[in-house]
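Since the structure comes first, as structure tokens, the remarks are kept for the end.
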Amino acid sequence: MNKKALIDYKIFCFNGEIDSVMVCTGREKGHPDFYFYDRNWNRLYYQHENLEKQESIPRPSCFDEMLSLASILCKGFTHIRVDLFEVDGNIYFGELTFFDSSGFDTEISYKTDLMWGSKMKLLI
């Protein structure tokens, strides 16, 4: 049976504010494809150039509601990722992630790592 995996919307937040969204598709293939967007659904290129896909993912109809939920859940955190799913127009909660790949995501560009790091306001 060839079932298609759910699309995963991972909303990156810094200092209680939404920054960007990583959309994960194709998990059924063994390794998902990743697409990044800003909160206005403009494409961002955060991965190494050879990993970026040419096509784009359509904006989900409930995207504004996803952002609203994420903006509530991310308050008070220096960094957190809010993972959501959309099925037939309904939003489902996945998880809150505090350490994305423990900071060792080899598919994200060095430039992206630096940019995300610079957004974190640490109270030290």
Side-chain angles (χ1 to χ4, degrees):
M1 187 183 310
N2 188 10
K3 291 189 177 184
K4 194 169 186 180
L6 296 175
I7 296 175
D8 194 357
Y9 299 90
K10 299 177 178 295
I11 303 171
F12 287 76
C13 305
F14 298 94
N15 311 304
E17 299 292 328
I18 295 170
D19 179 73
S20 54
V21 180
M22 179 173 69
V23 183
C24 305
T25 66
R27 287 188 188 279
E28 69 277 2
K29 300 180 300 183
H31 185 279
D33 294 323
F34 301 110
Y35 304 82
F36 286 88
Y37 293 88
D38 68 12
R39 59 181 307 133
N40 296 312
W41 208 255
N42 296 305
R43 186 76 184 271
L44 301 170
Y45 297 93
Y46 284 172
Q47 300 176 97
H48 296 289
E49 191 174 319
N50 63 313
L51 298 174
E52 292 289 358
K53 306 291 183 230
Q54 294 302 310
E55 66 275 2
S56 291
I57 300 298
R59 184 181 189 270
S61 60
C62 57
F63 187 62
D64 290 338
E65 188 177 355
M66 288 177 164
L67 293 181
S68 179
L69 291 168
S71 70
I72 293 167
L73 293 170
C74 75
K75 292 297 180 212
F77 293 101
T78 301
H79 169 65
I80 196 163
R81 195 185 74 207
V82 179
D83 295 2
L84 303 171
F85 299 93
E86 178 272 329
V87 179
D88 297 328
N90 296 304
I91 300 170
Y92 293 89
F93 175 76
E95 66 183 15
L96 297 176
T97 303
F98 296 92
F99 303 99
D100 309 299
S101 300
S102 297
F104 293 100
D105 188 337
T106 58
E107 296 183 3
I108 297 297
S109 72
Y110 181 68
K111 180 179 172 183
T112 300
D113 268 340
L114 289 176
M115 178 198 53
W116 280 344
S118 72
K119 291 179 183 228
M120 293 185 201
K121 295 176 186 167
L122 301 177
L123 302 173
I124 55 172

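Only heavy atoms go into these numbers, but all of them, side chains included; no hydrogens, no water, no symmetry mates.
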Can you name the side chain to side chain donor-acceptor pair (under 3.5 Å) partners of [X], sequence neighbours left out?
{"X": "S20", "answer": "none"}
{"X": "E49", "answer": "none"}
{"X": "Y35", "answer": "E55"}
{"X": "N42", "answer": "D38"}

Any side-chain heavy atom of [X] within less than 4.5 Å of one from [Y]?
{"X": "F36", "Y": "I108", "value": "yes"}
{"X": "P32", "Y": "F34", "value": "yes"}
{"X": "S56", "Y": "Y37", "value": "yes"}
{"X": "F93", "Y": "L84", "value": "yes"}
{"X": "N90", "Y": "Y92", "value": "yes"}

Item to complete: Using the test ring pair (Phe, Tyr, Trp, His ring centres under 6.0 Å), find all partners of F77 that sit at least two apart in sequence or belong to another chain.
Response: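 Here the qualifying residues are F98.
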Discussion item. Going by the rule ring pair (Phe, Tyr, Trp, His ring centres under 6.0 Å), which residues pair with F85 if we only count those two or more places apart in sequence or in a different chain?
Written reply: none
Discussion item. Run the side-chain contact (heavy atoms from CB on, under 4.5 Å) test on Y45 and T112 for me, step by step, so that the C-alpha distance in whole Å, both residues' side-chain angles and the decisive distance to 0.1 Å come before the verdict.
Written reply: CA-CA 9 Å; Y45 297 93; T112 300; over 6 Å; no
Less than 3.5 Å apart, which donor and acceptor atoms pair up between the side chains of residues 5-17 and the rest of the protein, not counting sequence neighbours?
residue : atom : partner : partner atom : Å
D8      : OD2  : K10     : NZ           : 2.9
D8      : OD2  : R27     : NH2          : 3.2
K10     : NZ   : D83     : OD2          : 2.9
N15     : OD1  : K121    : N            : 3.2
N15     : ND2  : K119    : O            : 2.5

Fill in: Euclidean distance, T78 OG1 relative to L122 CG, rounded to 0.5 Å
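OG1 of T78 is found 6.0 Å from CG of L122.
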Practice prompt. Flag yes if more than 12 heavy atoms outside K75 fall under 6.0 Å of its NZ atom; otherwise flag no.
Written response: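 For K75, atom NZ is crowded (more than 12 foreign heavy atoms under 6.0 Å).
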Discussion item. Suppose we screen for salt bridge (charged side-chain N to carboxylate O under 4.0 Å, His left out). Which residues come up paired with E52, at least two apart in sequence or across chains?
Written reply: R43
Fill in: Under the salt bridge (charged side-chain N to carboxylate O under 4.0 Å, His left out) test, residues paired with K53 that sit two or more places apart
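If we apply the salt bridge (charged side-chain N to carboxylate O under 4.0 Å, His left out) test to K53, skipping adjacent residues, the hits are D33.
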Worksheet item: So which residues get pulled into L114's cluster when ILVMFWY side chains under 4.5 Å apart are joined, directly or through others?
Response: Y110
Item to complete: Using the rule that two of Ile, Leu, Val, Met, Phe, Trp, Tyr join whenever any of their side-chain heavy atoms come within less than 4.5 Å, decide whether L51 and V23 are in one cluster.
Response: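 No.
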Discussion item. Assigning hydrophobic clusters by single linkage (Ile, Leu, Val, Met, Phe, Trp, Tyr; side-chain heavy-atom cutoff under 4.5 Å), is L96 placed with V21?
Written reply: yes
List, one per line, each side-chain donor-acceptor pair under 3.5 Å for residues 60-74, sequence neighbours excluded.
residue : atom : partner : partner atom : Å
D64     : OD1  : R59     : NH2          : 2.6
S71     : OG   : L67     : O            : 3.4
S71     : OG   : S68     : O            : 2.8

Worksheet item: Among all residues two or more places apart in sequence or in another chain, which pass the side chain to side chain contact (heavy atoms under 4.5 Å, CB included) test with N50?
Response: H48
Practice prompt. Check step by step if side-chain contact (heavy atoms from CB on, under 4.5 Å) holds for M115 and Y46.
Written response: CA-CA 10 Å; M115 178 198 53; Y46 284 172; 3.4 Å; yes
